[in-house]
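Structure record follows, encoded as structure tokens.
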Number of protein chains: 2
Amino acid sequence: MRADAQRNATKLREAAAELFGERGLQVPLKEIARRAGVSHGTLYNLFGSREALIDEVVADLAAARLDEAARTALACDDPWSGFAGYVYRVCELQAVDPALGDVLTRRFPDASRLMGVCDRTFAAAAAVIERAQRAGVLRPDFTGEDLVLFLAAQAPIARASAGSGVWKRAVAFLLDGLRPATAHPLPAPPPTTGQMTRILTGGP
Amino acid sequence: MRADAQRNATKLREAAAELFGERGLQVPLKEIARRAGVSHGTLYNLFGSREALIDEVVADLAAARLDEAARTALACDDPWSGFAGYVYRVCELQAVDPALGDVLTRRFPDASRLMGVCDRTFAAAAAVIERAQRAGVLRPDFTGEDLVLFLAAQAPIARASAGSGVWKRAVAFLLDGLRPATAHPLPAPPPTTGQMTRILTGGP
DNA sequence: AGCCAAGTTGACCGCAGGGTCAACTTGCCG
DNA sequence: CGGCAAGTTGACCCTGCGGTCAACTTGGCT
């Protein structure tokens, strides 16, 4: 790869990181090219597709943050605090960085590394949940799918209320509903992972 | 108004009701015209704008359903059952009819009658909440704004999970978090109505 | 320095959406 | 039944998106 191509790729990665972070993963590619100061043709030449760019720019950063949240949660002595802190933290990440909100929704199935991050995060969330449930501090009928659906639903509100922290209230209401002592029977069976995916992607 | 214009307006209203109900209020106007079997020019000629069409087609129906839900809630002897049933009912309306989901989000500020429905619904929700709080069965720090934000966040999930009823789980978790006995202090002050509106519209 | 492959550019295509309007058709009244 | 206003049509404009590619520029090797 020639030096100028290297430079352009770097500029594009930087611009993409900025715009993804500001406005989510669906920002127009031409706008990324514009901010990077190169032609959009160059972007297509160097990356080929939005998914490839996402994989290069977002996947590692998202993985680092989400993995760290899971690690912190599991390292917490109190399983409930670990779980509650995890939910707050992931919501906060979504509030601060719109790109992270798009990770969990699986709206970019061709970004393979990102899908890997998504899968790992789902497994981590399940572990955090299970630990709390084994400790008897989290209602046993709450599933990983429930949590992901909650996070996905909150994402837009978290983004829009990043400054005021209003999203924290929704998390608090949820958490108060997840303690075993307060649990009432649920009106519907838990969604399968496939159902969850279909609901998230909006597809059939 | 000439007879053929009358007929076309009726066909357009029917087609709009169908498509709004199937796919929400942002359905392309040209598609409505296509389903009605008329030119899109006729649609613009007869209604002038999407908002006007919405006001004619959706506002009354939405008002009827939402008002009925509120009436039922207030007529319920048990304030908690009234409140809980109201939340379920509104979510169900959103699940069954995507157009209703778009009503609460205030995404069509120029549809004045629809905004009126929105305001009345907000007031009704506040009344349902207040009654339950006065009876001591609903935590006192839960506000109408909180409920609207919840409903707006759930709307896409309710739509996508209309068949399976998975959305009911989210409602159930919320309700279990709203009983006074289980309430923990909230991590953020309640949003003002203005904040809520800004969050819903995504705008500044 | 000279050359050529590597890289860049921006015009261009297709598509979809909102919106307009001159030319046409047609309901309806005298 | 004739004629005109009312109404309809679809071609057309604009914007903005993803994506392609021939023509140009330039890095860097010999």
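Counting any heavy atom pair closer than 4.0 Å across all strands shown, A/Asp4 reaches sugar-phosphate atoms only and no base atom.
Between B/Gln6 atom CD and D/dT8 atom P the separation is 10 Å, expressed in whole Å. Here C/dA6 presents its P atom at 12 Å from CE of A/Met1, a figure rounded to the nearest Å. Going from atom CD of B/Glu31 over to atom P of C/dG19 covers 16 Å, rounded to whole Å. For the pair A/Leu12 CG and C/dG7 C1', the computed distance is 13 Å after rounding to whole Å. Regarding A/Leu25, its CG atom lies at a distance of 16 Å from the P atom of D/dC17, rounded to whole Å. Atom CG in B/Leu43 sits about 10 Å away from atom P in C/dG18, given to the nearest Å. The distance from atom CZ of B/Arg34 to atom P of C/dG18 is 10 Å, rounded to the nearest whole Å. The nearest whole Å value for the distance from the CZ atom in B/Arg2 to the P atom in D/dT9 is 11 Å.
Along DNA chain C, the nucleotide nearest to A/Leu46 and the one nearest to B/Tyr44 differ in position, and the one closer to the 5' end is contacted by A/Leu46. Mapped onto DNA chain D by nearest heavy atom, A/Gly41 and A/Pro28 fall at different nucleotides, with A/Pro28 at the one closer to the 5' end. Comparing A/His40 and A/Ala5 by the nucleotide of DNA chain C whose heavy atom lies nearest to each, the residue mapping closer to the 5' end is A/Ala5.
Using a 4.0 Å cut-off between charged nitrogen and carboxylate oxygen, B/Glu31 and B/Arg35 do not count as a salt-bridge pair. For B/Arg106 and B/Asp119, the salt-bridge test passes: some basic side-chain N is under 4.0 Å from an acidic carboxylate O. Between B/Glu92 and B/Arg89, at least one side-chain nitrogen of the basic residue sits less than 4.0 Å from a carboxylate oxygen of the acidic one, meeting the salt-bridge criterion.
Note on B/Asn8: a side-chain N or O is less than 4.0 Å away from OP1 or OP2 of D/dT8. The side chain of B/Thr42 places an N or O atom within less than 4.0 Å of a non-bridging phosphate oxygen (OP1 or OP2) of D/dT9. Listed pair B/Asn45 / D/dT8 meets the phosphate criterion, a side-chain N or O lying under 4.0 Å from OP1 or OP2.
Side chain A/Lys30 to base D/dG16: no donor-acceptor pair is found below 3.5 Å.
With C/dG19, D/dG28, C/dT9 as the candidates, the nucleotide lying closest to the side chain of A/Ala3 is D/dG28. Relative to the side chain of B/Leu29, the nucleotides D/dC17, C/dG19, C/dG27 differ in distance, and C/dG19 lies closest.
A/Thr143 and A/Asp146 share a side-chain donor-acceptor pair at under 3.5 Å.
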Test log, rule salt bridge (Lys or Arg N to Asp or Glu O under 4.0 Å), inputs A/Glu68 and A/Arg65: CA-CA 5 Å; A/Glu68 209 257 326; A/Arg65 292 180 174 178; over 6 Å; no

